[in-house]
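FYI, side chains are in, hydrogens and waters are out, and symmetry mates aren't considered; it's all heavy atoms of this structure. Read the numbers this way: they start at 1 and go in the same order the structure lists the ligands and their atoms.
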Amino acid sequence: MTNQQVVRIPPAIIVGELAELLGVTAIDIIKELMKNGVMATITQTIDFDTAAIVAADLGFSPEEFEVAVEAEAAMESDAPRTLRIVEEGEGLVPRAPVVTVLGHVDHGKTTLLDRIRETNVAGGEAGGITQHIGAYQAKGPDGRLITFIDTPGHQAFSQMRARGAMVTDVAIIVIAADDGMMPQTREAIAHVKAAQVPMVIAINKIDASNANPDRVLQQLTEVGLVPEAYGGDQIVVPISALQGTGIKELLENVQVIAELQDLRANPDQDAVGVVLEAKTDRHRGVVATILVQTGTLRAGDTILAGLAYGRVKAMTNAAGERLTEAGPSTPVEILGLNDVPSAGERVLVRKNEKEARAESDHRERAIAAGSEQSIGVTLDSLFGEIHKGNVTDFNLIVKTDVQGSIDPLVQSLEELSVDEVKVKVIHASVGTVTESDVQLGVASKAVIVAFNTTTEPGARRLADQEKVEIRDYRIIYEIIEDVEKAVKGLLEPIYKEVQDATVEVRQIFRVSRRNAIAGSYVREGSVTRGTRCRVLRKGAVIHEGIVESLKRLNEDAREVNAGLECGIMISNFDGFEEGDQIVTHHMEQVR
Ligand code: GDP
């Protein structure tokens with residue numbers, strides 16, 4: 001194509017902004033992205049290469065331009081749910097990938113993390129790690145560092161994500177070869193998929209006598225992760241965390257995936273990070289583990305994390321070494337905050353304590369005023385959210401009592417997708433609605449459908465707090481019907497005014513000081529006692545009221561039809577004039 005319009009696109013751009021830049025709707029962009037296999041919401045950031053493909057598909061000629069956006073500014077943009085930091089400009093250096101280990105209980109997550117810690121710890125000597133601070137760094141086979149989040153499990157993973165912190169670059173899903181895919185494995189996979197984080201599958205316990213790795217490969221295929229051995233692209237590594245077999249290959253693959261992401265950060269600026277965990281210690285005060293995501297955190301910096309703030313008094317790594325500075329992807333334990341921040345809270349550097357305190361106060365007031373409440377997505381609010389561009393996928397989490405209901409239900413639900421809205425079941429499993437389901441719901445803005453099952457009390461509390469809707473059903477058809485209505489925006493009833501009669505006032509009879517009867521002629525329709533009406537004079541409404549009394553030939557009448565005369569009294573009105581018009585009407589629900 002010739003004469004293509006040149007558009008200059010920054011190295012990273014939010015979907016909504018790209019739409020604005022190209023003068024198309026966000027839906028257009030999202031559709032193009034989907035065609036290219038990228039699932040993104042309007043508030044998500046995409047990189048230049050992705051944006052360029054979309055722009056080119058839409059007939060533009062994209063060009064990249066450099067902007068020196070400070071990481072903090074990028075993060076402070078009003079896109080609270082896209083917290084993978086995308087940086088651009090000069091001074092970017094490669095950073096270590098951040099890895100989270102997820103999987104079913106007892107499948108060996110802790111053993112794996114321990115094994116890596118023991119054999120690959122930065123610094124070299126075994127047992128170098130003296131304390132669990134929530135994360136540690138280990139050397140990968142190619143000599144470069146890998147950061148591991150030391151609290152396994154998807155609860156923590158989605159909890160972080162729900163708070164807007166996307167720290168994981170690569171997820172390792174551990175599946176025990178002697179046990180196979182279990183409910184929490186499926187759940188973990190759903191959480192990771194929903195977060196669009198690349199994953200490596202580690203089939204663990206291959207040393208066990210009853211290990212059956214082939215069955216796991218088969219099960220992976222069933223959830224849409226086709227292993228390379230079966231011609232797909234899902235990386236699967238057999239390991240024994242206990243004996244140390246395959247760990248090197250596993251880490252190699254983690255590094256390969258990280259390499260593809262070209263993870264970079266600029267250490268030459270104030271640190272931006274995230275709280276991994278925090279607690280109060282009787283002797284040391286508030287102890288928080290922070291993952292520095294970009295920039296460099298220095299001992300003595302004043303930081304702000306949610307409402308907590310303070311000067312970094314002491315900074316140590318997992319090996320217990322005192323640090324004076326910590327660069328991108330480094331987890332550190334720090335002392336000095338005045339309060340315990342929540343996990344997932346963003347950490348920012350402030351000029352001094354005064355500034356940090358002022359901002360903390362401001363945030364506190366904002367929270368008190370309710371302006372920082374999370375907005376969940378409900379069936380009823382969905383359409384509005386879509387209109388506002390806040391949602392493009394209608395995400396559902398489905399919980400059922402029996403396995404047999406899942407497939408037909410998921411299929412029927414996903415078939416309800418229309419051009420503007422894609423109905424996506426991001427997770428479906430058998431069992432009660434758990435806190436983990438709710439976390440996933442928060443993180444992915446999903447409505448939870450509970451079919452013939454119940455909700456755990458803790459999950460109910462969390463759902464109330466985070467405003468995640470859990471809908472209980474006993475009949476499949478009703479689920480389908482409700483979701484269909486929601487998708488079509490039918491849950492908001494729409495009312496329309498319907499005119500019943502037009503009446504002409506011909507003569508006025510005053511019955512008391514405050515009451516007058518309009519001797520009238522019904523031109524059209526029929527007048528009913530008790531209906532709403534308007535009195536019009538020369539086309540203008542002079543009163544709105546109710547037909548209080550209706551008489552036909554001096555007898556009370558319930559209804560008088562067109563072509564007949566009648567006497568009408570209207571509530572709170574006696575100022576009739578000859579020639580006035582009375583129009584009666586009622587509201588009717590049209591959908
Ligand atoms: P988590 O709940 O996923 O953290 O699982 P753990 O790491 O606590 O492991 C659960 C059990 O499985 C422990 O008894 C481990 O010793 C055992 N286990 C872990 N990895 C292996 C392995 O590679 N082979 C065998 N045979 N057992 C393992």
Side-chain angles (χ1 to χ4, degrees), residues 98-121 126-127 129 131-136 138 140-141 146-160 167-168 170-193 195 197 199-217 219-220 223 225 227 229 235-254 276-277 289 318 331 343 427 429 431 434-437 439-440 458:
V98 179
V99 177
T100 305
V101 178
L102 303 94
H104 196 73
V105 66
D106 280 349
H107 278 198
K109 300 180 292 294
T110 314
T111 311
L112 174 63
L113 281 162
D114 287 348
R115 167 68 58 187
I116 296 169
R117 191 190 296 112
E118 281 159 23
T119 48
N120 298 270
V121 149
I129 300 240
Q131 48 182 358
H132 280 241
I133 67 165
Y136 65 83
I146 305 174
T147 303
F148 287 89
I149 305 285
D150 208 359
T151 36
H154 51 270
Q155 197 106 343
F157 179 85
S158 274
Q159 198 170 21
M160 288 269 198
V167 299
T168 307
V170 181
I172 296 178
I173 308 274
V174 175
I175 308 175
D178 58 352
D179 204 18
M181 180 91 68
M182 296 300 280
Q184 283 175 47
T185 320
R186 287 201 181 81
E187 218 166 87
I189 291 171
H191 283 229
V192 172
K193 268 191 183 168
V197 169
M199 59 184 126
V200 179
I201 306 286
I203 301 186
N204 190 30
K205 307 197 188 182
I206 48 162
D207 60 287
S209 57
N210 53 344
N212 187 353
D214 286 342
R215 185 172 60 126
V216 179
L217 294 180
Q219 290 169 329
L220 284 168
V223 297
L225 300 176
I235 298 177
V236 179
V237 186
I239 64 164
S240 165
L242 203 61
Q243 301 183 343
T245 335
I247 307 291
K248 181 163 167 271
E249 290 73 21
L250 178 65
L251 299 186
E252 259 164 19
N253 278 294
V254 166
L276 294 179
E277 56 182 57
T289 299
H427 176 52
S429 67
T434 63
E435 279 185 45
S436 156
D437 294 321
Q439 295 285 12
L440 181 60

Would you kindly specify which portion of [X] sits under 4.0 Å from ligand 1, judged on non-hydrogen atoms: side chain, backbone, both or neither?
X	result
D106	both
H107	backbone
T111	both

Supply the atom-to-atom distance I203 CD1 to I201 CD1, rounded to the nearest 0.5 angstrom.
-> 8.0 Å
Rounded to the nearest 0.5 Å, what separation is found between the CD1 atom of I172 and the CG atom of L113?
->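 Interatomic distance, I172 CD1 to L113 CG, rounded to 0.5 Å: 7.5 Å.
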Within a reach of under 6.0 Å around NZ of K193, are more than 12 heavy atoms found that belong to other residues, nucleotides or ligands?
->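 Yes.
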Atoms in ligand 1 with a heavy atom of H104 nearer than 4.0 Å | 3 (O)
Please could you name the atoms of ligand 1 that V105 approaches to less than 4.0 Å, counting only its heavy atoms?
-> 2 (O)
Taking the side chain as C-beta and beyond, is there a heavy-atom pair between D179 and K205 under 4.5 Å?
->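 With C-beta onward as the side chain, the pair stays apart.
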Kindly identify the option in K109, K205, Q243 whose heavy atom sits closest to atom 12 (O) of ligand 1.
-> K205
Is there a nitrogen or oxygen of L112 sitting under 3.5 Å from a nitrogen or oxygen of ligand 1?
-> no
Please confirm whether A241 comes within less than 3.5 Å of ligand 1 when only nitrogen or oxygen atoms on both sides are compared.
-> yes
Heavy-atom pair of closest approach, residues I175 and H107 |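 I175 and H107 have their closest heavy atoms at CA-ND1, 3.7 Å.
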Would a distance-only check, ignoring hydrogens and angles, find a side-chain to backbone donor-acceptor pair under 3.5 Å from T289 to I133?
->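 Such a contact is found between T289 side chain and I133 backbone.
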